[in-house]
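Letters go in sequence order (proteins before strands), and every chain restarts at 1.
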2 protein chains.
Amino acid sequence: MTNDLRSLTEIDRLLHEPARTVIVAILAAVESADFVFLQRETGLTKGNLSTHLTKLEDAGYIEIQKTFRGKYPLTLCRLTEQGRKAFTAYRKQLLEFVERTK
Amino acid sequence: MTNDLRSLTEIDRLLHEPARTVIVAILAAVESADFVFLQRETGLTKGNLSTHLTKLEDAGYIEIQKTFRGKYPLTLCRLTEQGRKAFTAYRKQLLEFVERTK
DNA sequence: GAAAACTAGTTTTTTATACAAACCTGTTTG
DNA sequence: CAAACAGGTTTGTATAAAAAACTAGTTTTC
């Protein structure tokens with residue numbers, strides 16, 4: 001019984017942080033999103049969004065493309081295949097937990 | 001769409017920590033459990049179990065009764081009504097997230 | 001045309017906290 | 001009676017989330 005619960009302690013910590021969960025959930029739905037869009041949607045500060053994005057990038061969960069829109073910098077983010085798989089696995093684990101504890 | 005995702009950032013942080021999620025999930029199933037039992041089931045060290053239990057107690061999510069079994073101290077934990085409600089709400093929020101991101 | 005305000009971020013500092021290690025009090029065992 | 005064990009608590013440390021400060025350039029205002 002509880003051994004399945006215990007598997008929660010090995011959950012993907014990168015995705016288990018709500019700020020990053022939201023970022024990844026958005027990216028899972030939109031093909032690509034820019035920094036400003038992500039900031040509006042998540043409600044995060046620029047600074048925190050920036051560091052969360054860097055962590056996701058370091059993990060290989062997202063790709064970041066830096067370019068320009070007109071004269072302003074534009075930071076485009078998209079989920080990698082690895083990120084998508086991790087997100088799917090994460091959701092599966094959550095669902096199993098919820099089902100198990102009914 | 002994303003406004004629902006954003007609600008994740010207000011998730012109950014106390015329950016969102018996997019170690020505590022497991023503790024509470026166990027307590028939700030067993031009426032009451034002692035320290036040694038919880039340690040075996042969760043795999044936590046005594047020290048960490050102790051501090052997590054204290055946090056849950058401070059939040060009013062569990063009650064801790066200190067007594068003796070024979071000559072040895074016995075720490076009994078049980079979920080409070082408040083804890084049970086919080087746990088139910090937490091699971092509901094997880095489920096909604098999983099459903100929304102399908 | 002220069003100061004002020006704004007865009008789009010990054011870096012640094014602060015604060016919180018999870019985990020590990022050490023410690024404590026009493027009991028049993030060799 | 002010393003060492004090991006039971007059942008914990010307290011303290012120390014390292015990570016990391018959040019807040020604040022900073023950067024680099026652009027547009028607006030006076």
Check your understanding: If the sugar-phosphate is the primed atoms plus P, OP1 and OP2 and the base is the rest, what is the B/S/- string for nucleotides 23-30 of chain C, using protein heavy atoms under 4.0 Å?
Key -> ----SS--

Point to revise | Atom-to-atom span, CG of L53(B) to P of dG7(D) - whole angstrom | key: 15 Å

**Study point:** E17(B) bridged to R13(A) by N-O distance under 4.0 Å
**Key:** yes

Exercise for review: Find the distance F35(A):CZ to dA24(D):P and express it as a whole number of Å.
Suggested key: 17 Å

Point to revise | Separation of E96(B) CD from L8(B) CG (nearest 0.5 Å) | key: 10.0 Å

Check your understanding: Whole-Å distance between dA21(D) C1' and K46(A) NZ?
Key -> 14 Å

Point to revise | Heavy-atom check, side chain of L53(B) versus side chain of L38(B), under 4.5 Å | key: yes

Practice item. Quick one, give me the B/S/- string for nucleotides 13-20 of chain C, reading 5' to 3', where B means a protein heavy atom under 4.0 Å from the base and S means that only happens at the primed atoms, P, OP1 or OP2. Key: ----SSBB

Practice item. Starting at atom CG of L76(A), determine the distance to atom P of dG9(C), rounded to an integer number of angstrom. Key: 9 Å

Practice item. Please report, rounded to the nearest Å, how far the P atom of dG8(D) is from the CD atom of E57(B). Key: 13 Å

Review point. What distance do H52(B) atom NE2 and I23(B) atom CD1 have between them, rounded to the nearest 0.5 Å?
Key: 6.0 Å

Exercise for review: Consider only side-chain heavy atoms of I, L, V, M, F, W and Y, link residues closer than 4.5 Å, and tell whether L76(A) and L27(A) are in one cluster.
Suggested key: no

Exercise for review: Take the protein atom CD of E10(B) and the nucleotide atom C1' of dA18(D), then report the distance between them rounded to whole Å.
Suggested key: 15 Å

Review point. Can you check the K66(A) NZ to dG9(C) C1' distance for me, whole Å?
Key: 7 Å

Review point. Do the side chains of I11(A) and L14(A) join up, straight or via other hydrophobic residues, at under 4.5 Å, putting them in one cluster?
Key: yes

Exercise for review: Mind checking L74(B) for me? I need base, sugar-phosphate or nothing, with any heavy atom below 4.0 Å counting as a touch.
Suggested key: sugar-phosphate

**Study point:** Euclidean distance, atom CG of residue L49(A) to atom P of dA16(D) [Å, nearest integer]
**Key:** 18 Å

Exercise for review: Look at the side-chain heavy atoms of Ile, Leu, Val, Met, Phe, Trp and Tyr, link any pair under 4.5 Å apart, and say whether Y72(A) and L49(A) land in one connected group.
Suggested key: no

Review point. Under a single-linkage definition using a 4.5 Å side-chain heavy-atom cutoff for Ile, Leu, Val, Met, Phe, Trp and Tyr, are V98(A) and L15(A) assigned to the same hydrophobic cluster?
Key: yes

**Study point:** Hydrophobic cluster identity match, I64(B) and F87(B), side-chain contacts under 4.5 Å
**Key:** yes

